[in-house]
Amino acid sequence: MDNLGIDFLSELVGTAMLVLLGCGVVANVALIRTKGFNGGTLMVNVAWGLAVFAGVIVSYASGAHLNPAVTLGLVANGAKTFGSAATPVDVNFVSVIAYIGAQMIGAIIGAVLVWLAYKQHFDEEPEAANKLGVFSTGPAIRSYGWNLVTEIIGTFVLVFVVIGFGGGRQGEGGLAALGALPVALLVIGIGASLGGPTGYAINPARDLGPRIVHAILPIKGKGSSDWSYSWVPVVGPIIGGVLAGLAAIPLLPLLG
């Protein structure tokens, strides 16, 4: 397997792990009769950070982007290569599409595994909104423009800090450039500080992949997949990631 194939598999596995544990904690908190029912927002924030921790740990080979907004933010910042020192690939159209494709497939797999793990609880849960909330984000107050702004800001923070730790414009790494623990703490901080308005998708694959799974799985009483909102957690993070990549050029020092 060539380097791009290794990096593709690495991104797929890492994103699947992230979504399995991240959407899994939402299922534990939101679905009726689980051991973690009504565990609260802080439980979700901490577990999402640990989900990212696990995803980074198992995807070091690819640099652990795990997020199209990170991938595109690094491109905007001038990255020349993706992947680890052992499996570098040149940044071009094919490698960008491979990374984003792997992230989407991984997110879909992770969401299916969450459904399998909580199948009986999905069947027992009376509220369709709670079922959708396991898979995808939604706004506390629906205002597409302001929801978009929130997602842009949250993702800007994520990608800007990732680039700051990862070597300025040297094109090094994704989330793996920070190390698993710092990026976990960063995600917990973003969730606690900026997650209230929209549920902080800050990752198009994390939201769109599971939303597709919600739409196609035979989930009892699942209701709508809320496609009218689905563009916000895709477009917002992409804009935020690209803006962070561009802003980091003059605002962050060239490290390394």
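Worth saying up front: this structure is predicted, and the values here are computed from it rather than measured. The first residue in the sequence is number 1, and the count goes up from there. All values below come from the heavy atoms of this structure, side chains included, with hydrogens, waters and symmetry mates left out.
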Glu127: salt bridge (Lys or Arg N to Asp or Glu O under 4.0 Å) partners, not counting sequence neighbours:
none
Please identify each residue that fulfils side chain to side chain contact (heavy atoms under 4.5 Å, CB included) with Pro139, with sequence neighbours left out.
Arg142, Asn147, Tyr229
Contacts of Gln103 that satisfy side-chain hydrogen bond (donor to acceptor under 3.5 Å, both in side chains) - sequence neighbours left out
Glu11, Thr71
Using the ring pair (Phe, Tyr, Trp, His ring centres under 6.0 Å) criterion, which residues pair with Phe160? Sequence neighbours excluded.
Phe156
Salt-bridge present (Glu124, Arg33; N to O < 4.0 Å)
yes
Verify, without hydrogens or angle tests, whether Ser59 (side chain) and Ser62 (backbone) share a donor-acceptor contact under 3.5 angstrom.
no
Write down the atom of Ala85, the atom of Pro88, and the distance for their closest heavy-atom approach.
O-CD, 3.5 Å
Side chain to side chain contact (heavy atoms under 4.5 Å, CB included) involving Leu50 - partner list, sequence neighbours excluded:
Val46
Does a side-chain heavy-atom distance below 4.5 Å link Phe53 with Val183?
no
Which pair of non-hydrogen atoms, one from Asn28 and one from Met43, has the smallest distance, and what is that distance?
ND2-CE, 3.5 Å
State, to 0.1 Å, how close Gly221 and Ala128 come at their nearest heavy-atom pair, and which atoms those are.
O-CB, 3.5 Å
For Ser193 and Ile190, indicate whether the former's side chain and the latter's backbone hold a donor-acceptor pair under 3.5 Å.
no
Should side-chain heavy atoms under 4.5 Å link Ile, Leu, Val, Met, Phe, Trp and Tyr, which residues sit in the same cluster as Ile97?
Phe93
Results of side-chain hydrogen bond (donor to acceptor under 3.5 Å, both in side chains) for Asp90 - residues two or more places apart only:
none
Side-chain touch Leu208/Met104, heavy atoms, less than 4.5 angstrom
yes
CH2 (Trp146) and CD (Glu151) are apart, to the nearest 0.5 Å, by 15.0 Å
Main-chain N/O of Thr15 paired to Arg206 side chain as donor or acceptor, under 3.5 Å
no
Return the CD1 to CG distance between Ile188 and Asn45, rounded to the nearest 0.5 Å.
8.0 Å
Answer whether the closest heavy-atom distance between the side chains of Trp231 and Val234 falls below 4.5 Å.
no
Got Met17 and Leu21 here, is their nearest side-chain heavy-atom distance under 4.5 Å?
yes
Residues passing the side chain to side chain contact (heavy atoms under 4.5 Å, CB included) test with Val91, sequence neighbours excluded, are Val75, Ala79, Phe82, Val96
Kindly indicate whether the side chain of Ser95, heavy atoms from C-beta on, has any atom under 4.5 Å from the side chain of Leu4.
yes
The salt bridge (Lys or Arg N to Asp or Glu O under 4.0 Å) partners of Lys119 (sequence neighbours excluded) come to Asp123
Minimum heavy-atom distance Pro204-Pro68, with the two atoms named
CD-CD, 4.0 Å
Find out if a path of hydrophobic residues (ILVMFWY) with successive side-chain heavy-atom gaps under 4.5 Å connects Val25 to Leu132.
no
Quick one: CD1 on Ile219 to NZ on Lys131, what's the gap to the nearest 0.5 Å?
8.0 Å
Hey, could you give me the CG/CD1 distance between Leu148 and Ile152, rounded to the nearest 0.5 Å?
4.0 Å
Between the CD1 atom in Ile163 and the CD1 atom in Ile249, the distance rounded to the nearest 0.5 Å is 8.5 Å
Using residues 237-248 as the side-chain source, report each donor-acceptor pair under 3.5 Å to any protein atom, sequence neighbours left out, with the distance given to one decimal.
none

Could you work out, with side-chain hydrogen bond (donor to acceptor under 3.5 Å, both in side chains) as the rule, every residue matching Thr137, not counting sequence neighbours?
Asp207
Check the hydrophobic clustering (I, L, V, M, F, W, Y; side-chain heavy atoms under 4.5 Å; chains of links allowed) and say if Ile108 and Leu116 are grouped together.
yes
The single option from Leu18, Val213, Val114 that satisfies side chain to side chain contact (heavy atoms under 4.5 Å, CB included) with Cys23 is Val114
So among Val235, Val232, Val149, which one has a side chain to side chain contact (heavy atoms under 4.5 Å, CB included) with Tyr144?
Val232
Which residues satisfy the side-chain hydrogen bond (donor to acceptor under 3.5 Å, both in side chains) test with Ser230, sequence neighbours excluded?
none
Treating His65 as the side-chain partner and Val70 as the backbone partner, does any N or O pair qualify as donor plus acceptor under 3.5 Å?
no
Taking every heavy atom of Val56 against every heavy atom of Ala64, the minimum-distance pair comes out as CA-CB, 3.9 Å
For the atom pair NZ (Lys222) and CH2 (Trp115), what is the distance rounded to the nearest 0.5 Å?
9.5 Å
Val159 and Leu251: same hydrophobic cluster, using ILVMFWY side-chain contacts below 4.5 Å?
yes
Tell me if the CD1 atom of Ile216 is crowded by more than 12 foreign heavy atoms within 6.0 Å.
yes
Measure the shortest side-chain to side-chain distance between Pro210 and Val19 over non-hydrogen atoms and say whether it is less than 4.5 angstrom.
yes
Residues Thr34, Tyr118; criterion side chain to side chain contact (heavy atoms under 4.5 Å, CB included); working and verdict
CA-CA 9 Å; Thr34 66; Tyr118 282 91; 3.8 Å; yes
Looking at side-chain heavy atoms only, is the closest gap between Val134 and Phe122 below 4.5 Å?
yes
So which heavy atom on Gly223 is nearest to which on His214, and how close?
O-CE1, 3.8 Å
Kindly say whether Leu66 contributes a backbone atom to a donor-acceptor pair with the side chain of Asn203 at under 3.5 angstrom?
yes
Treating Ser225 as the side-chain partner and Trp227 as the backbone partner, does any N or O pair qualify as donor plus acceptor under 3.5 Å?
no
Check for a donor-acceptor pair, side chain of Asn130 on one end and backbone N or O of Leu31 on the other, with a separation under 3.5 Å.
no
Evaluate the side chain to side chain donor-acceptor pair (under 3.5 Å) criterion for residues Thr87 and Ser84: first the C-alpha distance (whole Å), next the side-chain angles of each, then the deciding distance (0.1 Å), finally the verdict.
CA-CA 5 Å; Thr87 59; Ser84 66; 3.2 Å; yes
